[in-house]
Chemist: 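This structure is in structure tokens; I'll ask about it shortly.
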Amino acid sequence: MIDPRSAHELRLHLLSSKAGRESWRSNAIQGRWALAPALKRALEARTGVRRASVNAWTGRVVVEFTSQSIEAPVEELLRESLSEILSRGGPEIAVDDDVGALLRVLGKCIEKPEQLLPLTLFSAVGHAARIAQGFSLLSTVTAARGPGSPPRDGVEDARAESNPVRMGMVTLALSAAELFLRHHRTQSWRQIARSAESSLRAQVFEAIVAQDMATRDKQGTGRLIGVVTEDVARIGAFIERGGDTVVSNTLAILVAAKSLLGSPHLVVTAAAPLLLVALPSRHLERRASEARSRRSASSDEFHDLLENSLAGISDIKSHNAETATSRRVAGRAHDLADASTVSARAISLQQVVFEGFFSASFALAAAFGGARVARGKASEEAYTKALYSFPQLVSTMTGVQEVIALYQNAVASARRLLELLDDRPTIRSGPTRLPMDSIRGEIVVEGISFGYEPSRKILDDVSFHLKPGQTLGIVGPTGSGKSTLLRLLLRLYDVDAGRILLDGHDLRDLVLSDTRAAIAIVGQEPYLFRGTVRENVLLGRPGASQEEVRDALRKAEALEFVEALPDGLDADVGERGRRLSGGQRQRVAIARALLKRAPILALDEATSHLDYETEAAVQRAFRDTTAGVSMIVVAHRLATVRHADQIVVLDEGRIRERGRHDELVAHAGLYAYLWQLQNG
Ligand SMILES: Nc1ncnc2c1ncn2[C@@H]1O[C@H](COP(=O)(O)OP(=O)(O)OP(=O)(O)O)[C@@H](O)[C@H]1O
């Protein structure tokens, strides 16, 4: 079966099509060198395909085929072959080198790579104008010096004077052209970079949301924020400046090399110290790369601490922990600054060493060339030209260093991005659809066991049967696994053993979004996002009418307080609903769940923050409005579940007792003990 995420990733674009030949491009191929021959073989094995060529650099696939005998449309063959290879995994799809990782990320975020070639040519024209402007300025200066001998007549005089003027005009024109081209060039690269960043951010966020909860539990939020912001920005910087700087440097090197080639002796003299630069460069690169990793780790830790501290600001205040927390944040900020300095120092050292060798080459070549001119073995003109080119080459080398730094940063970021983008969730959608309008809401839990860590079982051999329209209460001491059971029901995690059936289907066989659409849940700490009350309630059923929203709020005993807010339904609830009380947040969340009109309602301590009177009213509303709805109610307050059709008592992950309220009280076990504690 094809993993829906990898299938989603297989974006295929038709580039051209004519009889017997189609050209496609896919970002799944770019940078995967080993995959290209495998795909070629797979395609050529299909009936009707005469020849296939796959280019891992560009992600382009060209298929030549016999129209009469091809077994399926080319797109289908391509999708099937690629999915098959990707789902097989293995070395064919491994990101085995830096270029591959970076190319693959670029392939995912640059929407129109075909724009890059004309833009690169445009850059080349712009930089050529800049170089021409430099030479034109040099010629103006040379012309102003005159021919070097006194003029013999007036005509000569006039020429000597008109040249600098004419050259000055040419320089001016070139300068204007260069400025115009530069403005448009930088704008265009910037635009591509920003749009690539926004596309990448959207894809990364999508990947984070699709991650397994088990994976998410292990990651710090700071790291994820770092990937979405800093790593994506580094890819953007590489796109924005990398291509343009490479074009500029290549041109400058070519022009300088041409001037220098006129003086082969100088080149040989200059090359000797330059070759030595290769010796320390490996060591320096390793140091820079280590420093970069330490900086990333430090940045993740800083973001983590910042996020945690801001989220818990009221607890920090109430524990008088502002100073201690500020000190910790300052400490991490200091660590981050240190790591950034070390990283920048390592990169700067690389540059300094490189430029040092270059300057040594320059000094040596200048002295040697000067001596040759003095001895009459070289012309002064060639010497001057070569010396003019040398500093240009030095500044070009600084540009090369910048590109290398941009590239190295982008590669490190591409690897971190791919860790997220390539992550395949293990909780996947099944093939069976649930007909939404005829769900009965029957849940059968058969001998399930589960642990967040393999070594620690949280639920052990739990079974129960919730008939359609009935209510099941789940009670038990704190940490006994009640909320975990609801998470398994929503398939936030998968069971390790046993199975959960919804209307007779194993949850793992059902389309994931159908399962989650069938269940409305009010969690222990309901999450309200920043926005209005109305927007938060509408999350239950986007598109519901104003009257339906008000009705849901009324049933959740929330309408009265919402209408008393300054903006009523349009009042801003604040970050994470902080402007509302705990009980108000719960009631808005209950309204949201009621609006969803799901056939199964799961309440996890959903009324724990309400006073007895309000809770009783909400319970009544539940009974009146949820007739026919199956309910699972997790509660510490046993009174909340006393009317349930069935109550299970969990203790340390196992079911200790089960039955109706009266039976359990009569049984004189854990439930009866808890009931007595709570009710005297
Ligand atoms: N994401 C997680 N990763 C690892 N362990 C977890 C995770 N969530 C919960 N646990 C552990 O699983 C156990 C059961 O937690 P659960 O939230 O299901 O308990 P509960 O019965 O709902 O408790 P309470 O009544 O306090 O809400 C606890 O020991 C808890 O430490």
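Sequential numbering from 1 along the given sequence is applied to the chain's residues. Just so it is clear, the model here is predicted, and its values are computed rather than measured. Note that ligands are numbered from 1 as they come in the structure, with each ligand's atoms numbered from 1 the same way.
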Chemist: Does a side-chain N-to-carboxylate-O contact under 4.0 Å join Glu563 and Arg550?
Modeler: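 Arg550 and Glu563: salt-bridged.
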
Chemist: How far is atom 24 (P) of ligand 1 from the closest protein heavy atom, and which atom is that?
Modeler: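 Its nearest protein heavy-atom neighbour is Thr478 OG1, 3.6 Å.
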
Chemist: Which of the atoms of ligand 1 are close to Ile458, meaning less than 4.0 Å from one of its heavy atoms?
Modeler: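 Heavy-atom distances to Ile458 below 4.0 Å select 12 (O), 13 (C), 14 (C).
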
Chemist: For ligand 1, which part of Glu453 has a heavy atom less than 4.0 Å away: the side chain, the backbone, both, or neither?
Modeler: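 Contact part for Glu453 vs ligand 1: neither.
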
Chemist: Among all protein non-hydrogen atoms, which one is nearest to atom 22 (O) of ligand 1, and what is the separation to 0.1 Å?
Modeler: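 Its nearest protein heavy-atom neighbour is Ser483 OG, 2.7 Å.
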
Chemist: I need the minimum non-hydrogen distance between Arg216 and Thr221, along with the two atoms involved.
Modeler: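 Smallest interatomic distance, heavy atoms only, reads NH2-OG1, 3.1 Å.
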
Chemist: Do the charged groups of Arg660 and Glu663 touch, with an N to O distance under 4.0 Å?
Modeler: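 No, Arg660 and Glu663 are not salt-bridged.
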
Chemist: Can a protein heavy atom be found under 4.0 Å away from atom 30 (C) of ligand 1?
Modeler: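 False for atom 30 (C) of ligand 1.
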
Chemist: One thing to verify: whether Lys467 and Asp645 come together as a salt bridge, which I'm taking to mean a side-chain N less than 4.0 angstrom from a carboxylate O.
Modeler: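 No salt bridge links Asp645 with Lys467.
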
Chemist: Does Tyr493 reach ligand 1, in the sense of a heavy atom lying below 4.0 Å from it?
Modeler: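 True for this residue.
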
Chemist: Do Val462 and Val648 have side chains that approach each other closer than 4.5 Å (heavy atoms only, starting at C-beta)?
Modeler: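 Val462 does not reach Val648 side chain to side chain.
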
Chemist: Which is it for Asp217 and ligand 1 at heavy atoms under 4.0 Å: side chain, backbone, both or neither?
Modeler: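 The answer is the side chain.
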
Chemist: Can you tell me how far CG of Leu485 sits from CD1 of Ile448, rounded to the nearest 0.5 angstrom?
Modeler: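 Answer rounded to 0.5 Å: 5.0 Å.
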
Chemist: By number and element, which atoms of ligand 1 are closer than 4.0 Å to a non-hydrogen atom of Gly481?
Modeler: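 With Gly481 as reference, the close atoms of ligand 1 come out as 14 (C), 18 (O), 19 (O), 20 (P), 21 (O).
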
Chemist: Any side-chain heavy-atom pair from Leu472 and Ile474 closer than 4.5 angstrom?
Modeler: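 Side chain of Leu472 against side chain of Ile474, heavy atoms only: contact under 4.5 Å found.
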
Chemist: May I ask you to decide whether Arg416 forms a salt bridge with Glu230, counting only side-chain N to carboxylate O separations under 4.0 Å?
Modeler: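 Not counted as a salt bridge, because no side-chain N and carboxylate O are separated by less than 4.0 Å.
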
Chemist: Closest by any non-hydrogen atom to atom 19 (O) of ligand 1: pick that one out of Gly479, Pro477, Gly653.
Modeler: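 Checking each option, the heavy atom nearest atom 19 (O) of ligand 1 is found in Gly479.
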
Chemist: For atom 2 (C) of ligand 1, grab the closest protein heavy atom and report residue, atom and distance to one decimal in Å.
Modeler: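 Going by distance alone, atom 2 (C) of ligand 1 is nearest to Tyr452 CD2, 3.6 Å.
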
Chemist: Which option out of Arg456, Glu605, Lys482, Lys457 puts a heavy atom nearest to atom 21 (O) of ligand 1?
Modeler: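 Result: the heavy atom closest to atom 21 (O) of ligand 1 is in Lys482.
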
Chemist: Under 4.0 Å, counting heavy atoms only: does Met213 come that close to any atom of ligand 1?
Modeler: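 Outside the 4.0 Å threshold, so no.
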
Chemist: So which protein heavy atom does atom 27 (O) of ligand 1 come closest to, and at what separation?
Modeler: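 Here the closest protein heavy atom is Gln524 NE2, 2.6 Å.
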
Chemist: For Thr484, which part has a heavy atom under 4.0 Å from ligand 1: side chain, backbone, both, or neither?
Modeler: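 Under 4.0 Å from ligand 1, Thr484 contributes backbone and side-chain atoms.
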
Chemist: Charged N to carboxylate O below 4.0 Å: is that the case for Asp570 and Arg534?
Modeler: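 Yes, this pair counts.
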
